[in-house]
**Q** 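Got a structure for you, written out below as structure tokens; questions coming shortly.
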Amino acid sequence: FFVNDTATTEIYTEQIVGSVRCVQETVPEGQAVLVDVNVPKLKALAVEGYLIFEDGKDKTFDAEMISVIGGIIQIGTEKQPYKSKLTITLHGEPDDIKLPQFGNKVIGIRDAQVDIHGTPKTPTWTLLKQTAKVGDKVIKIQSSANWAVGDEIVIASTSTRHQESEVRIIKTIKAAQSETEITFEKPLKFLHFAGTYK
């Protein structure tokens, strides 16, 4: 499932979890596995060595459970953030096999490290330039932003009801010096006030 180099191996072990046998993929201690392709759904993955996600193209990684025991998962670094889109999906049902101490549908971590560094988004929050009304598909914010098409944003509630916060995915974005215009496909359900209350 991984495109690997000569230092990389795949090891399959059969374990008994509860009274059920399952096949587990393992990244052994002292070895590094580079993930540079989409990974089809795994039953279980044990990371005791290094699991490094290569940047450069969007990827998916699917598993029922991942345990990181004494190992390292690396997705980008502080100096070289991960710029592509990586979607890690955990699959499972409430009555599926459970990892002791962790449960199921889980990334369980013990004496390990999971480093995730994505592209920094600035600003992390800003103010609306003008009030966004019910049904609007366009908002203007008061600053320029390095946000991108496909990024998910939250338009915070400006009422006393936090349930009026709305999540939207950026469809287009046009930045100017003092404002940025953002469009999305799904219209707003609530009013988001941009003025000040007196």
Side-chain angles (χ1 to χ4, degrees), residues 1-121 146-154 167-173 184-186:
F1 56 90
F2 300 114
V3 174
N4 48 27
D5 59 26
T6 55
T8 304
T9 61
E10 296 175 40
I11 297 178
Y12 299 90
T13 58
E14 194 174 279
Q15 290 191 332
I16 298 176
V17 180
S19 60
V20 181
R21 291 184 182 275
C22 69
V23 174
Q24 172 182 292
E25 284 86 14
T26 302
V27 178
E29 184 178 356
Q31 294 206 352
V33 172
L34 180 69
V35 181
D36 59 356
V37 295
N38 290 331
V39 176
K41 188 168 92 173
L42 305 173
K43 183 74 177 169
L45 174 65
V47 180
E48 297 163 0
Y50 263 92
L51 184 66
I52 304 163
F53 287 82
E54 183 182 56
D55 202 357
K57 62 181 178 179
D58 295 350
K59 281 185 259 329
T60 59
F61 190 95
D62 293 78
E64 291 186 22
M65 57 184 93
I66 300 169
S67 62
V68 191
I69 310 296
I72 296 174
I73 293 179
Q74 184 76 52
I75 305 168
T77 65
E78 196 170 345
K79 290 184 180 178
Q80 290 186 309
Y82 194 87
K83 294 178 183 165
S84 305
K85 182 177 181 180
L86 172 63
T87 304
I88 297 175
T89 305
L90 298 172
H91 301 266
E93 300 296 332
D95 58 347
D96 282 350
I97 299 167
K98 293 176 176 38
L99 284 173
Q101 300 176 351
F102 294 124
N104 61 5
K105 194 177 175 184
V106 67
I107 300 177
I109 303 166
R110 187 174 65 227
D111 299 324
Q113 182 177 327
V114 176
D115 257 348
I116 303 173
H117 297 273
T119 302
K121 299 292 182 177
N146 75 341
W147 307 345
V149 171
D151 284 352
E152 189 176 79
I153 62 170
V154 176
V167 177
R168 294 293 180 273
I169 295 173
I170 297 175
K171 181 179 175 185
T172 65
I173 185 164
F184 30 83
E185 288 191 21
K186 191 175 170 186

**Q** Do other residues, nucleotides or ligands put more than 12 heavy atoms under 6.0 Å from the CD atom of Glu29?
**A** no

**Q** Looking at every heavy atom in both Gly56 and Ser84, which two are closest together, and how far apart are they?
**A** N-OG, 3.0 Å

**Q** Specify the closest pair of heavy atoms between Gly71 and Ala112, including all atoms of both residues, with the distance to one decimal.
**A** O-CB, 3.3 Å

**Q** Measuring only between side-chain heavy atoms, which start at C-beta, is Val35 closer than 4.5 Å to Leu51?
**A**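 Result yes, sub-4.5 Å side-chain heavy-atom pair found.
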
**Q** Heavy-atom distance under 4.5 Å between the side chains of Ile66 and Leu90, does that happen here?
**A** yes

**Q** Just verifying a value: how many Å separate Thr87 OG1 and Asp58 CG, rounded to the nearest 0.5 Å?
**A** 7.5 Å

**Q** Does a side-chain heavy-atom distance below 4.5 Å link Thr89 with Thr60?
**A** no

**Q** Which pair of heavy atoms, one from Val47 and one from Ile72, lies closest together, and at what distance?
**A** CG1-O, 3.8 Å

**Q** Would you say that Ile169 contacts Phe184 through its side chain, given a criterion of any heavy-atom pair below 4.5 Å between the two side chains?
**A** no

**Q** For the residue pair Gln74 and His117, establish whether any side-chain heavy-atom pair is separated by less than 4.5 Å.
**A**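 Of all side-chain heavy-atom pairs linking His117 with Gln74, at least one is under 4.5 Å.
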
**Q** Give a yes or no answer on whether the side chain of Asn104 reaches the backbone of Glu93 with a donor-acceptor pair at less than 3.5 Å.
**A**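 Side chain of Asn104 to backbone of Glu93: a pair is present.
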
**Q** What's the spacing between Ile116 CD1 and Leu86 CG if we round to 0.5 Å?
**A**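 One gets 8.0 Å once the value is rounded to the nearest 0.5 Å.
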
**Q** Mind listing the closest non-hydrogen atom pair of Asp36 and Glu54 along with its distance?
**A**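 Minimum heavy-atom separation between Asp36 and Glu54: CB-OE1, 2.9 Å.
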
**Q** NZ of Lys43 to CD of Glu64: how many Å apart, nearest 0.5 Å?
**A**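 Lys43 NZ to Glu64 CD: 3.5 Å, rounded to 0.5 Å.
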
**Q** Measure the shortest side-chain to side-chain distance between Asp96 and Lys105 over non-hydrogen atoms and say whether it is less than 4.5 angstrom.
**A** no

**Q** Answer yes or no: is there a side-chain heavy-atom contact under 4.5 Å between Leu45 and Phe61?
**A** yes

**Q** What do you reckon, is NZ of Lys85 surrounded by more than 12 foreign heavy atoms closer than 6.0 Å?
**A** no

**Q** Taking everything shown except Phe102 itself, do over 12 heavy atoms lie less than 6.0 Å from its CZ?
**A** yes

**Q** Using 0.5 Å steps for rounding, measure from the OG1 atom of Thr119 to the CG atom of Asp151.
**A** 9.0 Å

**Q** Could you give the distance from CD (Glu152) to CH2 (Trp147), rounded to the nearest 0.5 Å?
**A** 12.5 Å

**Q** Could you measure the distance from the CD1 atom of Ile52 to the OG1 atom of Thr77? Nearest 0.5 Å is fine.
**A**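 Answer rounded to 0.5 Å: 11.0 Å.
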
**Q** Answer whether the closest heavy-atom distance between the side chains of Met65 and Ile97 falls below 4.5 Å.
**A** yes

**Q** Please give me the minimum heavy-atom distance between Pro94 and Lys98, naming the atom from each residue.
**A** O-NZ, 2.7 Å

**Q** Give the C-alpha distance, both sets of side-chain angles, the deciding distance and a yes or no for side-chain contact (heavy atoms from CB on, under 4.5 Å) between Asn146 and Lys121.
**A** CA-CA 6 Å; Asn146 75 341; Lys121 299 292 182 177; 4.0 Å; yes

**Q** Minimum heavy-atom separation for Asp55 and Pro81, please, with both atom names.
**A**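 Of all heavy-atom pairs spanning Asp55 and Pro81, the closest is OD2-O, 3.6 Å.
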
